[in-house]
2 protein chains.
Amino acid sequence: MQDPLSHLPGYALRRAANAMLSELSSRLAAVDLRYADASCLILIDANPAITASALGRALDIQRANMVPLLNRLEGAGLIARTPLDGKSQSLSLTDTGRARLAEARTIIDAFELDLLGMVPAEHRDHLLPALNALWQ
Amino acid sequence: MQDPLSHLPGYALRRAANAMLSELSSRLAAVDLRYADASCLILIDANPAITASALGRALDIQRANMVPLLNRLEGAGLIARTPLDGKSQSLSLTDTGRARLAEARTIIDAFELDLLGMVPAEHRDHLLPALNALWQ
DNA sequence: ACGACATTGTTATGTTATATAACAAATGGG
DNA sequence: CCCATTTGTTATATAACATAACAATGTCGT
């Protein structure tokens with residue numbers, strides 16, 4: 001089968017991201033978290049009292065789409081929303097949330113190692129800077 | 001803002017792929033094609049009389065999800081489905097499809113150049129092999 | 001201090017991509 | 001020739017992402 005697509009960086013980027021996301025998602029399912037959930041927990045942990053919209057901006061998720069996401073995390077008892085000034089609300093991890101995040105980190109760290117392990121050594125150190133240049 | 005996520009290859013991969021896909025999609029909209037449409041046209045062109053399910057396998061798209069995709073391409077007059085053996089059907093580009101593909105190629109080629117141009121020179125040649133190692 | 005303007009959280013809604021299960025019809029290997 | 005597999009298809013569900021609108025609130029310039 002002729003595959004002219006593999007020569008296109010954009011196509012390879014898409015396929016690689018899909019494969020990665022699918023594998024990571026299934027591993028995170030073991031602790032009942034989605035990819036976006038884990039990202040939120042990590043970012044809230046690193047930025048205590050961050051605002052819902054600031055979190056959305058950091059993750060490039062629209063305000064409107066943060067609502068069901070945060071509802072789910074709050075419903076699972078992982079985060080708490082505290083009114084900040086009548087308009088904004090500050091987000092924080094509950095104890096349960098911190099514990100779950102610790103579990104997620106174990107999974108994620110192992111995953112990232114496996115991911116980099118798939119890349120031939122001579123290309124490995126170039127991957128992260130190259131990828132970050134594409135969006136940051 | 002603390003951003004522990006940018007250090008994670010998996011996260012960078014996701015963000016880069018999203019940024020790429022969003023930009024390419026909006027450029028392809030100029031010729032009324034989606035990302036998946038363009039991929040199909042390219043692959044059908046490179047593999048004349050390819051079967052619908054073989055195309056789906058090559059693109060990692062489920063058989064069931066190929067149906068609306070191919071319906072759309074056929075409805076737009078870009079491809080033709082020809083019964084092959086009573087069970088399979090062979091796909092081919094119409095003249096309109098070939099012309100549209102030529103337009104798409106111009107857009108895609110320019111896009112891939114721009115994409116690689118965003119990557120610092122010292123990392124550039126490592127991107128494609130690194131990405132392909134992650135899924136192929 | 002006030003008024004114009006921007007921001008926040010939210011609801012509602014739509015689209016795209018992707019997943020599974022089921023089906024009839026047809027193929028192909030043993 | 002039979003049985004497992006493949007093909008195209010329908011129906012359906014979920015996740016991710018987008019837009020528009022809204023009320024309430026904050027902010028900034030004057």
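Note: hydrogens, waters and symmetry copies are ignored here, and every other heavy atom, side chains too, is used. Just so it is clear: chains get the letters A, B, ... in the order the sequence lines come, proteins before strands, and each one is counted from 1.
Of the N and O atoms on the side chains of A:Thr82 and A:Gln89, not one donor lies less than 3.5 Å from an acceptor on the other residue.
Between B:Gln62 and C:dA19 there is a side-chain N or O to OP1 or OP2 distance below 4.0 Å.
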Side chains of residues 37-46 of chain A: which donor-acceptor partners sit under 3.5 Å, not counting sequence neighbours?
unit_1	atom_1	unit_2	atom_2	d
A:Asp37	OD1	A:Arg72	NH1	2.6
A:Asp37	OD2	A:Arg34	N	3.0
A:Asp37	OD2	A:Arg72	NH1	2.7
A:Ser39	OG	A:Tyr35	O	2.9
A:Asp45	OD2	A:Arg105	NH2	2.8

I'd like a table of donor-acceptor pairs (distance under 3.5 Å, sequence neighbours excluded) in which one partner is a side-chain atom from residues 7-18 of chain B, with atom names and distances.
unit_1	atom_1	unit_2	atom_2	d
B:Tyr11	OH	B:Arg15	NH1	2.5
B:Arg15	NH1	A:Ala58	O	3.1

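Here the P atom of nucleotide D:dT7 and the CG atom of B:Leu55 are 12 Å apart, to the nearest Å. Here the P atom of nucleotide D:dA15 and the CE atom of A:Met66 are 16 Å apart, to the nearest Å. A straight line from CG of B:Leu69 to C1' of C:dA17 spans 10 Å, rounded to a whole angstrom. Rounded to whole Å, atom P of C:dT7 lies 17 Å from atom CG of A:Leu84. Separating the CZ atom of B:Arg72 from the C1' atom of C:dT15 is a distance of 11 Å, rounded to the nearest angstrom.
A heavy atom closer than 4.0 Å to some atom of DNA chain C occurs in A:Asn18, these being the qualifying members of residues 18-46 of chain A.
At most 12 heavy atoms of other shown residues, nucleotides or ligands fall within 6.0 angstrom of atom CG in B:Asp32.
We find that A:Arg100 and A:Asp95 are not joined by a salt bridge, their nearest charged nitrogen and carboxylate oxygen being 4.0 Å or further apart.
With sequence neighbours excluded, the residues forming a salt bridge (Lys or Arg N to Asp or Glu O under 4.0 Å) with A:Arg81 are A:Glu74, listed by chain and number. With sequence neighbours excluded, no residue forms a salt bridge (Lys or Arg N to Asp or Glu O under 4.0 Å) with B:Asp125.
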Below 3.5 Å between N/O atoms, which protein atoms pair up with nucleotides 8-12 of chain C? Just atom names and distances, please.
unit_1	atom_1	unit_2	atom_2	d
C:dT8	OP2	A:Arg57	NH1	3.0
C:dT8	O5'	A:Ser53	OG	3.3
C:dG9	OP1	A:Gln89	N	2.9
C:dG9	OP2	A:Ser53	N	2.8
C:dG9	OP2	A:Ser53	OG	3.0
C:dG9	N7	A:Arg63	NE	2.9
C:dG9	O6	A:Arg63	NH2	3.2
C:dT10	OP2	A:Arg81	NH1	3.0

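In terms of hydrophobic clustering, with Ile, Leu, Val, Met, Phe, Trp and Tyr side chains grouped at heavy-atom distances under 4.5 Å, B:Leu128 and B:Met20 are assigned to different clusters.
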